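Each chain gets a letter, A, B and so on, in the order its sequence line appears, and its residues count up from 1. Because the structure is a prediction, the values reported are computed rather than measured.
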Number of protein chains: 2
Amino acid sequence: MSGARPAGARPAESQTLSALLGIRQLILDRELAPGDRVSELVMVERLGVSRTPVRAALIRLEHEGLLTALPGGGYEVRGFSWQEMVDAIELRGVLEGTAARFAAERGLEPGRIRALEDTLDALDAVLAADPLDMEAYIALNRSFHEAVVACARSSVLREQLERVVALPFAGPSAFVDTHGTSREAQHSLVIAQSQHRAVLEAIVMRQGMRAEMLMREHARIARRNLEIITRAGLPDGAVPGLHLIRNRE
Amino acid sequence: MSGARPAGARPAESQTLSALLGIRQLILDRELAPGDRVSELVMVERLGVSRTPVRAALIRLEHEGLLTALPGGGYEVRGFSWQEMVDAIELRGVLEGTAARFAAERGLEPGRIRALEDTLDALDAVLAADPLDMEAYIALNRSFHEAVVACARSSVLREQLERVVALPFAGPSAFVDTHGTSREAQHSLVIAQSQHRAVLEAIVMRQGMRAEMLMREHARIARRNLEIITRAGLPDGAVPGLHLIRNRE
DNA sequence: TGTATTCATTCTGTATACAGGTTACGGAGG
DNA sequence: CCTCCGTAACCTGTATACAGAATGAATACA
């Protein structure tokens, strides 16, 4: 304990944001394990900010779902059961599916359609390259998913989705990069891309329910990848949010 | 300004909870209108608590969706467009529908089925009585909806739903008691009850998709009621969360 | 008269001091 | 050896003091 040295956080624009990002990073980096109590004073020492911004960050992280409030006061890192992870993925599918349906029902201006097609073309290009640029894939994949949500033109839906996606294992690119270069993994990406195309087609053709169901099924790829990872034995450190899994109970 | 006198809040177990309930009540009671800046010091004076619990309450209310953070710091009361209200209702339908589907897919133990049937029987009794006990109806209706969510056995889904239902116009009993004793209103309640029965039947028969779609349609009753209220001209004060509607933009 | 500038006020963000409660540890008794 | 209890340390909830930024008004100038 050499004093107030920020550990997991780079200096942010505000102390509150710094604390929020810092604590979240500590959890994601496995320096705080599920069930660990998150003491305010410890966070103050680790992050080099005072109690007030730490407190604000803890409240936000509780709402985000990464922390649980203890009955006697204070917080602990939340653990998730396997079923809860699967549910979160399914829930993302439900909400993104609703976004796709809204987009189909409400219609897209041509500019939006072009932008979505461009993103998918870029994804095709990434998939065609032999040394697969996984980072580019994740960025473009995320971009497509966010664009679909934007096309739904519903702030309420967008906010709800942001809350689900905040969970580290529920994002649109969760569990994709894990088994890297295997043939099965590449096939998975090809299937996902064909689903992207189908979703966009359904939206353009104003087929709301088709778009919704396609998007749901699309999300279930993440579930399948999670099952593969789970069956393959847990490297635990290799997968971003997997260490939050809770075997007990 | 006669000093530190709690205005809209009764003394709660903790100052933070007191501030949370107090500010929320101030918004619901139209003492704070959409667009109004919510000053911390003003809340301190009105609620008789210090800035720290007020601050915590403001953060929570922002996550709840009732407040918006201003770019220069601080918060203002959020206003909702008519479309946003409709979207919130639809979103509740989507999530409750998913809960019904989960319940159907995962199965119910007989005790749960009995409890749900009892609730619906009680609702029938309330509907049969001539001076309609609207308070009892709302309580039982809420009870049924919460029970369905509980039957889904998914904490992630439950938490998401709580966040939607937190919006004052998105609850399961939103806009029901407004047109009170009219014939049309009673028919609406009868239809809703028949949908309750159908949802339960679908869940028991493990018809997941049927249960989901029935629940979605069930939520749309609230939308229809909202349309009726809107067309009937706005009494604004008569309906709980309606004053949060924002005509501009 | 319109506009830009400057200054004062007010607010939030941040830090810290204080009090009550909770928990953990150690000792005494059964 | 186990259990119960008391004490002490710690931790959270709360209140308040301080600093910087944003806001608004008043004024000087074009």
Trainee: With no hydrogens and no angle check, is any side-chain donor or acceptor of Asn141(A) less than 3.5 Å from a backbone partner on Pro172(A)?
Mentor: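 Yes: the side chain of Asn141(A) pairs with the backbone of Pro172(A).
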Trainee: Assuming nearest nucleotide by heavy-atom distance, tell me which of Val38(A) and Thr52(B) is located more 5' along DNA chain D.
Mentor: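 Residue closer to the 5' terminus by nearest nucleotide: Val38(A).
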Trainee: State which residues pass salt bridge (charged side-chain N to carboxylate O under 4.0 Å, His left out) with Arg163(B); sequence neighbours excluded, sorted by chain then number.
Mentor: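 Scan of Arg163(B) (salt bridge (charged side-chain N to carboxylate O under 4.0 Å, His left out), adjacent residues dropped) gives none.
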Trainee: Which is more 5' along DNA chain D, the nucleotide nearest Arg51(B) or the one nearest Arg37(B)? Just name the residue.
Mentor: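 The residue whose closest nucleotide sits nearer the 5' end is Arg51(B).
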Trainee: For Arg106(B), what residues pass the salt bridge (charged side-chain N to carboxylate O under 4.0 Å, His left out) criterion, not counting sequence neighbours?
Mentor: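 If we apply the salt bridge (charged side-chain N to carboxylate O under 4.0 Å, His left out) test to Arg106(B), skipping adjacent residues, the hits are Asp87(A).
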Trainee: What parts of residues 60-77 of chain A reach DNA chain C, counting only heavy atoms under 4.0 Å away?
Mentor: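 By residue number: none to list.
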Trainee: Rounded to whole angstrom units, what separation is found between the CZ atom of Arg55(A) and the C1' atom of dG13(C)?
Mentor: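 Whole-Å distance recorded here is 16 Å.
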Trainee: State plainly whether the residues Arg158(B) and Glu162(B) are in salt-bridge range, i.e. N to O under 4.0 Å.
Mentor: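 A salt bridge links Arg158(B) with Glu162(B).
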Trainee: First and last nucleotide of DNA chain D touching chain B, 5' to 3', heavy-atom cut-off 4.0 Å?
Mentor: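 Endpoints of the contacted stretch of DNA chain D: dT14(D) to dA17(D).
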Trainee: What do you reckon, are the aromatic ring centroids of Phe175(B) and Phe169(B) less than 6.0 Å apart?
Mentor: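 Between Phe169(B) and Phe175(B), which both carry aromatic rings, the centre distance is not below 6.0 Å.
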Trainee: Which residues satisfy the salt bridge (charged side-chain N to carboxylate O under 4.0 Å, His left out) test with Arg92(B), sequence neighbours excluded?
Mentor: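 Once residues adjacent in sequence are excluded, the partners of Arg92(B) under the salt bridge (charged side-chain N to carboxylate O under 4.0 Å, His left out) criterion are Glu96(B).
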Trainee: Check the distance between dT12(C)'s P and Gln15(A)'s CD and give it to me in whole angstrom.
Mentor: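 It works out to 19 Å between those atoms.
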Trainee: What residues, two or more places apart in sequence or in another chain, satisfy ring-ring contact (aromatic ring centres under 6.0 Å, His included) together with Phe144(B)?
Mentor: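 Phe144(B) satisfies ring-ring contact (aromatic ring centres under 6.0 Å, His included) with His196(B) only.
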Trainee: Within the structure provided, determine whether Ser155(B) and Glu159(B) are in side-chain contact (heavy-atom separation under 4.5 Å).
Mentor: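 In short, these two side chains touch, coming nearer than 4.5 Å.
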